Amino acid sequence: MRPRSKLPALLLGTALIASVLGIGTVATAAGPGDAPTAPATSAAGHTGHTMAVSNQASADDPDGDGYIPAVPPVTGVVPSTATPPPAYHHEFQAGCSVTHTAPDDPIVYPGQFGKSHDHTFMGNTSTDAASTTGSLYGGNTTCKAPADASAYWMPSLYKGDRKILPVGPQVIYYKAGVTDYRSVRPFPKGLRFVVGNPMQTEQQFRAHKGFVEGWECGDSFFNTDIPASCPSRPDVQLNLRMQAPSCWNGLHLDTPDHQSHMTYPVVKPGTNDNMCPASHPVALPMIEFKMAWPVNGDMSQVRLASGRGYSFHYDFFNAWEERTLKALVDHCINGGLQCDTRGFDLYRPERGAVLNDDHRLP
């Protein structure tokens, strides 16, 4: 019997019904303030990727029930309520370039080639519908650190029928999402999750706990949809930032809805401090996508493969080499630094760097 924490029966039942009907509802273990699940009609023009419950066996999930247990599970953790020494920053960056695009999603549609809407992949160069922990780990990558063979992907962006790809390394932050940054642990090998929901409404996108400033271009900020126009200047790109949940239940590397094993921090009662809830007590790095697409001018035909701008979401599949990830988390996040991709804080040079000039552990 594989260990699992029970999803609320109503939520899982709703997701199963939605899967059969093609409604595309996401079952989530919603916390206070979480937006409700959106109906499929919120992403007009969208095909594929209904965020249905997993029902396909894979090397990571032999019985195809959607639960991938952590071996060993992380138990006995109590969320930290401690107040750490003041540190404005506690982060490092993973600069990863686009590798390819494909209508695949190894999390939502494992082994089902061409079933998803089109995705733009970064990091691991081999990512496709059949990707597993074993196939990704140790693989080739476009991330600056060769140890980061993780897969990162998001819906492709189009202007009319022309696909627009981000150019060069994209900024992917690894941050502390909780106040006690010293309590953050590295991601477990094989952890995967989906951030956001392609079926969310515009209001739900704005209310999403991962929403950061929205779509931006030129002097236009905090847009929930792609702006209708942007200044036609060489220095103007379309930008978006979105944060991932960073509290883990310690039991599963994936769950049927690809989200319930993760959640966002909550506010410690009576304070402004963030902490993990008791249901998801393990603090992990908070990923933040900071993407830039080289498009401006008339934006009326700019859209995502998943639909309108507020259908934006992204996926993460961890395949870091463990020693390197731990060294960066220890030095930069736990150490309260603002690190670049080498684990170097320009403002605290005396603290040194984690990686050498080749972005490898010395």
Side-chain angles (χ1 to χ4, degrees), residues 7-8 10-53 105 107-109 116-120 153-159 193-217 220-230 238-245 255-260 262-264 266 287-291 293 299-316:
L7 285 172
L10 178 59
L11 289 175
L12 186 52
T14 301
L16 287 167
I17 293 170
S19 174
V20 173
L21 298 178
I23 296 175
T25 300
V26 181
T28 57
D34 279 342
T37 301
T41 54
S42 65
H46 161 77
T47 57
H49 203 329
T50 57
M51 286 289 288
V53 171
D105 190 320
I107 295 179
V108 178
Y109 294 116
S116 173
H117 57 238
D118 200 76
H119 283 114
T120 294
W153 65 95
M154 59 191 173
S156 295
L157 184 127
Y158 292 82
K159 185 169 187 177
F193 51 79
V194 179
V195 183
N197 179 359
M199 298 302 164
Q200 63 208 349
T201 65
E202 190 167 6
Q203 294 73 26
Q204 289 168 340
F205 180 49
R206 183 182 290 274
H208 192 277
K209 289 184 177 181
F211 183 90
V212 181
E213 298 180 11
W215 294 96
E216 304 175 344
C217 67
S220 182
F221 304 97
F222 213 71
N223 299 291
T224 51
D225 205 352
I226 297 170
S229 65
C230 296
L238 180 66
N239 299 281
L240 180 71
R241 294 167 58 192
M242 190 169 184
Q243 294 179 339
T255 41
D257 65 358
H258 320 298
Q259 295 184 329
S260 293
M262 300 291 297
T263 196
Y264 287 88
V266 296
I287 286 180
E288 179 181 313
F289 266 32
K290 186 178 180 181
M291 302 289 111
W293 291 266
M299 305 284 285
S300 61
Q301 295 187 47
V302 177
R303 60 181 175 84
L304 294 171
S306 53
R308 298 286 292 272
Y310 46 81
S311 71
F312 184 82
H313 57 287
Y314 66 88
D315 301 54
F316 169 67

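On a predicted model such as this, the values are computed, not experimentally measured, just so you know.
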Partners meeting side-chain hydrogen bond (donor to acceptor under 3.5 Å, both in side chains) with Arg303 (sequence neighbours left out)
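By the side-chain hydrogen bond (donor to acceptor under 3.5 Å, both in side chains) rule, Arg303 matches no residue at all.
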Quick one: salt bridge (charged side-chain N to carboxylate O under 4.0 Å, His left out) partners of Glu288, sequence neighbours excluded?
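Glu288 satisfies salt bridge (charged side-chain N to carboxylate O under 4.0 Å, His left out) with Lys175, Arg241 only.
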Please report the shortest heavy-atom distance between [X] and [Y], naming the atom on each side.
| X | Y | result |
| --- | --- | --- |
| Cys217 | Ser229 | SG-O, 3.9 Å |
| His117 | Pro198 | CE1-CB, 4.4 Å |
| Trp215 | Gly309 | NE1-O, 3.1 Å |
| Gln259 | Val194 | NE2-O, 3.1 Å |
| Leu304 | Ser311 | CD1-OG, 3.8 Å |

After noting the C-alpha distance and the side-chain angles of Tyr264 and His208, does the key distance pass the ring-ring contact (aromatic ring centres under 6.0 Å, His included) rule?
CA-CA 10 Å; Tyr264 287 88; His208 192 277; 5.6 Å; yes
Are [X] and [Y] close enough that some pair of their side-chain heavy atoms sits under 4.5 Å apart?
| X | Y | result |
| --- | --- | --- |
| Gln243 | Ile287 | no |
| Phe193 | His258 | no |
| Pro245 | Lys209 | no |

Can you tell me how far the [atom1] atom of [X] sits from the [atom2] atom of [Y], to the nearest 0.5 Å?
| X | Y | atom1 | atom2 | result |
| --- | --- | --- | --- | --- |
| Leu238 | Leu157 | CG | CG | 6.5 Å |
| Tyr310 | Asn223 | OH | CG | 13.5 Å |
| Cys230 | Asn239 | SG | CG | 9.0 Å |
| Lys290 | Leu240 | NZ | CG | 11.5 Å |
| Trp153 | Ser116 | CH2 | OG | 9.5 Å |
| Thr201 | Arg308 | OG1 | CZ | 11.5 Å |

Are the aromatic rings of [X] and [Y] close, with centres under 6.0 Å apart?
| X | Y | value |
| --- | --- | --- |
| Phe222 | Phe211 | yes |
| Phe289 | His313 | no |
| Phe205 | Phe312 | no |

Would you find a donor on one side and an acceptor on the other, under 3.5 Å apart, between the side chain of Tyr314 and the backbone of Gly196?
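Checking the backbone N and O of Gly196 against the side chain of Tyr314, no donor-acceptor pair under 3.5 Å is found.
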side-chain contact (heavy atoms from CB on, under 4.5 Å) evaluation trace for Gln204 with Asn197
CA-CA 9 Å; Gln204 289 168 340; Asn197 179 359; 5.9 Å; no
Can a donor-acceptor pair be found between the side chains of Asp118 and Ser156 at a distance below 3.5 Å?
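Result is yes, a qualifying pair exists.
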